Amino acid sequence: MATVELRFSAQPEHVRTARLVAAAVARRAGVDEAVLDEVRLAVGEACSRAVGLHRSHGITAPVSVALTEEEKAFSIEVGDSVPDPGADPAESGAPDASGAGPVRPGSEADGEGEDEMGLAVISGLVDDVEVRSGAGGGVIRMSWPTADAAVRS
């Protein structure tokens, strides 16, 4: 099981690099050429979401991306450092129950809609997707079958 790990500062300009690396590693892992555009788009959405969450919550920790080649699948995990809304609601600046972020007087919940839209796009691109969150942050795990898996099926 080979794994490539990326960590980048939460800047939008780094999302393109993550997409390019993901496509190259997916190709090497045996993901079908016809699916590579979906891999690029899904990774771009997941990384953009993580960057947006970090920036809106003032988190300086890097965004993490793990690309893993398994026996029959290729998976990507994009992680952020934004704690789960239920982690410690009494903490100042903690996200509200909707997960949209800290509630500020007079602010709109525009970020929540963008977050849900990004997750909807990812769900439309990837058949096998899982979203988890906890006190240490959130992870979007996506996986695609490799050519070896299709031959064995």
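Just so it is clear, the structure is predicted and the values come from calculations on it, not from any experiment.
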Linked, directly or transitively: V63 and L20 (ILVMFWY side chains, under 4.5 Å):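 V63 does not cluster with L20.
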For [X] and [Y], work out which heavy atoms get closest and say how close.
X: S123; Y: V129; result: OG-CG1, 4.1 Å
X: C47; Y: A18; result: SG-CB, 3.8 Å
X: V78; Y: A50; result: CG1-CB, 4.2 Å
X: A42; Y: I122; result: O-CG1, 4.0 Å
X: T146; Y: A73; result: CG2-C, 3.6 Å
X: V15; Y: G44; result: CG1-O, 3.7 Å

Between CZ on residue R19 and CD on residue E45, distance to nearest 0.5 Å: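 R19 CZ to E45 CD: 9.5 Å, rounded to 0.5 Å.
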All pairs passing salt bridge (Lys or Arg N to Asp or Glu O under 4.0 Å) where residues 49-60 contributes a residue, at least two apart: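 Found R49-D80, R49-D115.
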Do the side chains of [Y] and [X] get nearer than 4.5 Å, heavy atoms only?
X: V39; Y: I76; result: yes
X: F74; Y: L67; result: yes
X: E5; Y: S64; result: no

Backbone N/O of A61 and side chain of H54: donor-acceptor pair under 3.5 Å: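 Present.
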Donor-acceptor pairs under 3.5 Å, side chain of residues 21-38 to any protein atom, not counting sequence neighbours: which ones?
unit_1 : atom_1 : unit_2 : atom_2 : d
R27    : NE     : E33    : OE2    : 2.9
R28    : NH1    : E69    : OE1    : 3.3
D32    : OD1    : A34    : N      : 2.7
D37    : OD1    : R40    : NH1    : 2.5

Donor-acceptor pairs are to be reported for all side-chain atoms of residues 136-144 against protein atoms at under 3.5 Å, with residues two or more places apart or in another chain.
unit_1 : atom_1 : unit_2 : atom_2 : d
R141   : NH2    : E70    : OE2    : 3.3
S143   : OG     : D128   : OD2    : 2.4

